[in-house]
Each structure stands twice: as structure tokens, then as C-alpha cells.
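Quick notes on the structure that follows.
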Amino acid sequence: MSARSPLHGARLRLWLACALGCTGPKLEPTSLLEPPGSADELRLPPGAECGPERVPALPVLDALPDGASPPAEETCEDAPAAESGRHFALRPLGVGYPNVTGPVNDLPPGVAYLTFDDGPSEWTHTFLDILESKGVRATFFVTAKQLKGEAGLDGTYTDDSGRVIVYRDVLRRIVDSGHQLANHTVNHVDLAHVTRGQLTSEIEENELLVNRALLRAGGQPEVLTLFRPPYGSPWFTGIAGMPGPQASERIASHALNIMWNVTSGDAQDWAQGESYSRTSSPLPSPGAPDLESKRRRVLNDVLNSRPTSTGAGMIVLMHDTHSATRDVLPQLIDGLREQGYGFETIEHYVQWRWGRPSLDMTPGPGLYQSCVPERDWGCEALGDAPLGTDRSSEVCGRFWVAYHALGGAAALGAPLGAPERSAETGIYAQPFEHATIELHPENPPPCHIVAVPR
Ligand SMILES: [Zn+2]
């Protein structure tokens with residue numbers, strides 16, 4: 001390593017283009033090894049002029065080139081059992097996959113992870129009222145547009161008391177109440193029927209719009225490190241219309257994939273009188289049950305689900321778009337408590353399983369290598385200490401991607417400490433000898449990863 005960092009003395013922030021796989025202008029890592037022409041002028045890739053005040057439209061992402069070879073099938077001894085031929089053998093790092101037994105799907109006993117998909121909706125604030133009154137934290141997999149129309153999270157509705165509520169304020173309340181916000185695509189697409197480019201765009205645009213909404217609501221940005229594919233597709237649907245690893249690869253490069261092991265069944269129909277919105281007409285499904293029957297069914301499906309017979313952990317799939325679910329939520333929480341369950345967000349699970357925050361797990365070394373032990377996914381030890389013993393000498397998750405794309409040790413030197421999140425700005429930062437890498441979740445790619453030379 002040279003004594004003087006090629007980044008040394010540069011004052012401008014260096015924007016890392018395409019670290020997460022877009023096809024926009026690419027800043028080659030080797031170009032970073034050359035000293036900048038002048039102290040104040042690092043070469044910005046064309047079109048990648050980013051600024052905190054500017055939130056440009058999401059770039060249109062075409063299908064990615066096929067240069068990279070597809071991920072290998074899982075063949076290691078400790079790999080989970082192969083799924084049926086109709087499912088993809090390769091799974092992104094996550095939990096709750098169907099037809100899989102063994103440690104990969106284990107959950108801590110006695111813990112119920114309540115998850116709510118498809119919101120925020122016109123019912124969400126009433127879900128939040130209930131969770132608050134019960135002292136329960138949950139995880140919300142949100143979509144920025146589905147059911148909210150083109151206005152998306154800037155859209156409004158009027159509540160029972162005549163108050164006009166903006167969806168983005170509901171979103172902020174989710175975060176401020178200690179719940180976890182997670183990604184569910186922007187338009188609720190079936191991942192088995194989109195191109196890789198569309199899939200990437202669906203994930204990234206949702207993260208962008210969610211963060212833009214949080215900022216406009218006066219909140220802090222959030223990195224959406226958890227993902228749930230709409231319909232659980234392709235793993236739950238078994239749709240084989242998509243070439244093998246496409247969905248896996250795209251999801252894995254953004255977030256942990258969180259499925260479920262208990263479903264409330266609330267989304268399988270719209271009961272008579274039920275609607276996703278207080279202002280829309282009811283949407284009864286053909287042969288739909290009456291509302292009371294559906295309430296009883298939802299409650300029963302959760303309280304008598306298979307894990308409850310042994311007190312095993314559960315990730316419960318529910319939807320804050322269904323008023324029937326809202327109506328039984330207090331009883332559902334009480335019923336699970338009576339069976340000995342406590343409630344946590346998915347972040348608790350991530351800590352339980354990997355001993356690290358989800359931000360450190362998405363993505364990292366071994367991302368596409370099937371034989372890396374899962375405990376080693378996400379981090380690389382750069383000091384003398386073995387992995388997991390000295391976090392200040394490790395580079396993990398998205399920091400790992402940024403670190404190596406920027407030239408690794410040759411350009412940045414060794415880490416000087418573990419990543420930290422600023423409570424004030426919401427920015428995640430990890431210091432290295434020659435630069436600090438910052439994650440700006442409020443910025444769209446490529447402006448969300450920044451190296452600030454020291
Ligand atoms: Zn959904």
C-alpha cells in the first residue's frame with residue numbers, strides 16, 4: 001500500500017456509481033487509484049452528479065448484461081435440502097422458505113414476528129393504534145404505490161374524524177413507533193414475470209420513494225435491508241416462468257429475503273363488506289365469506305397454526321390492507337400471549353441468527369457463492385482477528401461492496417472502526433485509513449454510497 005492515499009487531499013465527495021448493479025455510467029475502481037487532476041476535482045462519472053438537495057428520477061434500468069456467470073447450485077454439506085424442481089434451488093439469504101426443513105428456517109422459540117404487507121393503507125394507522133396499546137412491535141413490508149395510486153405516498157385520505165392524513169405521515173409513524181420498515185416492491189409485481197432490470201427497478205424505486213416520503217414527513221431515512229417478494233413468488237407460487245437465479249440474485253444484492261411460516265390467510269379473499277380503503281367500494285370475492293366468518297377464520301389460522309403446538313417461533317404473514325385483520329388483531333395478540341409468545345421485529349431475528357444487524361448482512365462476500373458458511377456471509381475480516389471477534393477490523397454488507405468497488409485496501413486502507421449510524425442524519429458511516437464510506441439511504445443510486453476522503 002502506498003504511503004499516500006490516492007484519495008488524499010481531494011475535497012469533493014466521490015460518488016460511487018453502480019455499486020449495486022445498475023447499468024448507468026460506471027466508475028472503474030482502477031480510475032480511483034490515479035491521483036485526481038486537481039485537489040478539488042475528482043472525476044465524476046457523466047450523469048452521476050449527485051447532491052443532497054437533488055432527488056432525480058430513478059434511472060431506467062435495462063436488463064443487466066449476462067457477463068456474470070449464474071450462481072452455483074447449493075451443493076455444500078450444510079446447504080439446506082434441495083427444493084422441488086418447480087422451485088429454484090438457490091435462495092437469497094433469508095428465512096421462511098417453503099418445503100425446507102433444518103436450521104435455515106429455524107426461529108427462536110416463543111417469539112412471534114408479526115409482519116404486515118402491502119401498506120400503508122387507509123387502515124394502517126388503526127393497526128398502529130392497536131399495536132401501541134398492546135405494546136407490540138412488528139415489521140411492515142410496504143409498497144410505495146400499490147393501492148395508493150400514482151400519488152403514492154404523497155396521496156391522502158380522510159379518517160373517521162375528518163382529518164386529512166398523508167400516507168407518508170403514516171410511514172413515519174411506523175418508524176417512530178419502533179416498528180421495522182421493509183421493502184415489498186413499488187408496484188407489488190410478481191417477480192416471476194418481470195425482467196431483471198424491472199426487478200431491480202422495483203426494489204430500488206420503492207426504497208427511494210419510501211425514503212423520500214420519510215424525509216418529507218420530517219423523519220430520517222431508512223436503509224430497507226429486508227425484502228419480501230409479493231405473493232412469495234416464485235418460492236411460494238412455484239412459478240417456473242423465470243430463469244433460475246434471476247430473482248435470487250437481484251434480491252440478494254439488496255436485502256435479506258424474509259418469507260413466513262404462518263399465514264393468516266387474510267389476503268386470500270375480500271369478505272362481504274371488506275375493502276382495502278374506507279372510501280372504495282367493497283370488493284367481495286366470488287363466494288366470499290361474511291366479515292364475521294372471515295374474522296374468525298383469520299384468528300383461528302394464526303392461533304392454531306402448527307408452530308403454536310410446540311411454542312416454536314413464527315413469522316406471521318398478515319396485511320394492513322384488510323380490515324378483518326385489524327378487527328381481530330387485539331384478540332390475536334392476546335391469544336398468542338396466552339400461549340407464551342412475545343413479539344419482536346425481524347431485526348431481532350437477524351441478530352438471533354447471525355449476531356449482526358441486517359445492514360451488515362446485505363450484501364457481502366460470498367453473496368453468490370453457495371459454499372460459504374452462512375455465519376460468514378456478509379463480512380470480511382481485514383485484521384488479524386478471526387471473523388466475528390473484532391468488529392472494528394471487519395468490513396460488512398454494503399460497506400463491503402463499496403469498499404471493494406472503490407479499490408479496497410489499496411485505495412482506502414484498513415478499517416478504523418465499526419459502522420455507526422448518525423441519529424441526527426440517518427447516515428451510516430464506517431471510517432477507513434484514507435476515507436470514510438457513507439451510506440445515504442435518502443439518495444437514489446448511485447448517490448446513496450459516498451466516499452469522503454480524509
Ligand atoms: Zn403483498
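Counting convention: from 1, in listed order, for ligands and their atoms alike. Residue numbers start at 1 and run along the sequence shown.
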Centroid separation Trp260 to Phe236 less than 6.0 Å:
yes

Kindly say whether the aromatic ring centers of Trp400 and His404 come within a distance under 6.0 Å.
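Ring-ring flag for Trp400/His404: true, centres closer than 6.0 Å.
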
For the pair Tyr167 and Tyr157, evaluate ring-ring contact (aromatic ring centres under 6.0 Å, His included) and give the outcome as yes or no after the intermediate values.
CA-CA 8 Å; Tyr167 285 115; Tyr157 64 91; 5.3 Å; yes

Below 30° counts as parallel, above 60° as perpendicular, anything between as tilted: where do the rings of His188 and His184 land?
perpendicular

May I ask you to say whether Asp154 pairs ionically with Arg216, meaning some side-chain N is under 4.0 Å from a carboxylate O?
yes

Around the Zn ion (ligand 1), how many protein N/O/S atoms fall inside 2.8 Å?
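Excluding waters, the total comes to 3.
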
Sequence-distant partners of Lys148, salt bridge (Lys or Arg N to Asp or Glu O under 4.0 Å), two or more places apart:
none

